[in-house]
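Structure first, commentary second.
Throughout, residue positions are numbered sequentially from 1 according to the sequence presented. Because only heavy atoms are used, hydrogens play no part in the values below, and waters and symmetry mates are left out as well, while side chains stay in.
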Amino acid sequence: MKIIEHIERTDKAIVKEFKRLLQTYDSVTCAASDSMERFNAMTSDLKPLFNGIRMAGAAVTVKTLASDLAAAFKAIDLCQPGDIIVIDSHGSTNTAFWGENMTMSAMNKGVVGAIIDGCCRDVAEIRSLKFPVFSKGIVPNVASLSGYGHVNVAIQCAGVPVHPGDLIIADENGVVVVPKDDAENVLQKTMDLLQTEHLVQEKIKQGATIGELINVDDIFHQTFSYQERAADKN
């Protein structure tokens, strides 16, 4: 196993601001993804274990083999309050990489959620504990403990690269990863976009259409003009 115990996390003040946005606005992940040019949103097959999950925190990353929980166990021990565990299980969906005992252990460390590119189990118990989990499925068969895997290395989860300490944001729309080195910039853009969205919606409520507000006819005109110019060159 490769275990990195000390990582640089996204600044706590930035995490706190994203948490404030989650309390104030509905679709924060949408705005954050838009602010990153529509990148860094995890795939749609990643589902919340129950409704209403809204969280933000720094990623503690886990890279497992398809049937080994050892790295995930170790990651819990290395977490700080406010962290989110993100598990890359190499696409395995027939083995559970999260369960009730892991949930209780994580809660003891102050972990605020888990994102699993694979499956979980003990779902009734986890729902009762109200511990936020996103996963790709549910299965009773659990992984073994063999001592393989890595903690706090670069991984991928649901189609998105995740580095230790990156900011994870989750709401009803899904999960977004914000690279920690760009978190301050993305925060500002996200705040600006959410405020602009509010103004746009006020105009729609007054009778405007989204097409009118973005001048969709001009967009079509620009597209057709480009196609015509390209055809002339050919």
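Distance CG/Leu194 to CG/Leu21: 6.0 Å, rounded to 0.5 Å. With values rounded to the nearest 0.5 angstrom, Ile7 atom CD1 is found 8.5 Å from Leu78 atom CG. Between atom CG of residue Asn141 and atom OG of residue Ser92 there is a gap of 8.5 Å, rounded to the nearest 0.5 Å. One distance of note links CE of Met102 with CE of Met107; it measures 14.5 Å at 0.5 Å rounding. Note: Lys19 NZ to Ile14 CD1 = 13.5 Å, rounded to the nearest 0.5 Å. Rounding to the nearest 0.5 Å places CG of Leu193 at 7.0 Å from OG1 of Thr190.
Residues Asp88 and Thr61 have side chains not in contact (no heavy-atom distance under 4.5 Å, counting atoms from C-beta outward). Between Met36 and Pro179, some side-chain heavy-atom pair lies under the 4.5 Å cut-off. The closest side-chain heavy-atom distance from Met55 to Pro132 is below 4.5 Å. In this structure, Arg20 and Met191 have side chains that are in contact, with non-hydrogen atoms separated by less than 4.5 Å. Side-chain contact between Val123 and Phe50: absent, with no pair of heavy atoms (C-beta onward) separated by less than 4.5 Å. A heavy-atom distance below 4.5 Å is found between the side chains of Ile155 and Val153. Inter-residue side-chain proximity for Ile115 and Cys157 is flagged as met; some heavy-atom pair is nearer than 4.5 Å. Put simply, the side chain of Thr103 does not reach to within 4.5 Å of the side chain of Asp122, judged on heavy atoms.
Cluster annotation: Val112 is connected to Ile126 through the hydrophobic network of ILVMFWY side chains, with a link wherever side-chain heavy atoms come within less than 4.5 Å. With hydrophobic clusters built from ILVMFWY side chains whose heavy atoms lie under 4.5 angstrom apart, Leu65 does not share a cluster with Val151. Residues Phe39 and Met42 do not share a hydrophobic cluster, clusters being chains of Ile/Leu/Val/Met/Phe/Trp/Tyr side chains in contact below 4.5 Å. Grouping the Ile, Leu, Val, Met, Phe, Trp and Tyr side chains by contacts below 4.5 angstrom, directly or via other members, places Val15 with Val178. Val176 and Ile53 fall into different hydrophobic clusters, where Ile, Leu, Val, Met, Phe, Trp and Tyr are joined by side-chain heavy atoms under 4.5 Å apart, directly or via other members.
The number of heavy-atom neighbours closer than 6.0 Å to CG of Asp26, taken from other residues, nucleotides and ligands shown, is 12 or below. Atom CD of Glu17 sits in a crowded spot, with more than 12 heavy atoms from other residues, nucleotides or ligands closer than 6.0 Å. No more than 12 heavy-atom neighbours from other residues, nucleotides or ligands sit within 6.0 angstrom of NZ on Lys189.
Remark: the backbone N or O of Ile4 is paired with a side-chain donor or acceptor of Asn152 at under 3.5 angstrom. Checked by atom type and distance alone, the side chain of His150 never pairs as donor or acceptor with a backbone atom of Met1 at under 3.5 Å. Side-chain atoms of Lys47 never come within 3.5 Å of backbone atoms of Phe134 as a donor-acceptor pair (strictly under, hydrogens ignored). The backbone N or O of Asp171 sits nowhere less than 3.5 Å from a side-chain atom of Thr29 that would complete a donor-acceptor pair. Between the Asp83 side chain and the Gln80 main chain, a donor and an acceptor come within less than 3.5 Å of each other. Counting only distance, with no hydrogens or angles, the side chain of Arg9 and the backbone of Ala59 share no donor-acceptor pair below 3.5 Å. At least one donor-acceptor pair closer than 3.5 Å links the side chain of Asp166 to the backbone N or O of His163.
Using a cut-off of 4.0 Å between Lys/Arg side-chain N and Asp/Glu carboxylate O, Glu172 and Arg54 are scored as salt-bridged. One finds no salt bridge joining Asp11 and Lys180 here, because no Lys/Arg side-chain nitrogen approaches an Asp/Glu carboxylate oxygen to under 4.0 Å.
Heavy-atom minimum distance, Val175 versus Ala170: CG2-CB, 4.0 Å. Ala158 and Leu46 make their closest contact through CB-CD2, 4.2 Å (heavy atoms, listed as atom of the first residue, atom of the second, distance). When all heavy atoms are compared, the tightest approach of Val139 to Ala96 is CG1-N, 3.5 Å. Considering every non-hydrogen atom in both Ala72 and Val62, the closest pair reads N-CG1, 3.7 Å. The minimum heavy-atom distance between Ala58 and Thr10, with the atom names listed, is CB-N, 4.4 Å. Counting all heavy atoms, side chain and backbone alike, Leu145 lies closest to Asp68 at CA-OD1, 3.7 Å.
When the side chain to side chain contact (heavy atoms under 4.5 Å, CB included) test is applied to Gln195, the partners found at least two apart in sequence or on another chain are Tyr25, Asp192. Residues passing the salt bridge (charged side-chain N to carboxylate O under 4.0 Å, His left out) test with Glu100: none are found, sequence neighbours excluded.
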#### Entry: Chi angles and distances behind the side-chain contact (heavy atoms from CB on, under 4.5 Å) call for Val111, Ile84
CA-CA 6 Å; Val111 176; Ile84 295 175; 5.7 Å; no
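Remark: the Ser89 side chain and the Asp117 side chain contain no N/O donor-acceptor pair separated by less than 3.5 Å. With no hydrogens or angles considered, no side-chain donor-acceptor pair links Trp98 and Ser135 at under 3.5 Å.
The residue from Ile87, Val142, Leu49 that alone fulfils the side-chain contact (heavy atoms from CB on, under 4.5 Å) condition with Cys120 is Leu49. Between Ile168 and the choices Ile85, Val60, Val177, the side-chain contact (heavy atoms from CB on, under 4.5 Å) rule is met once, by Val177.
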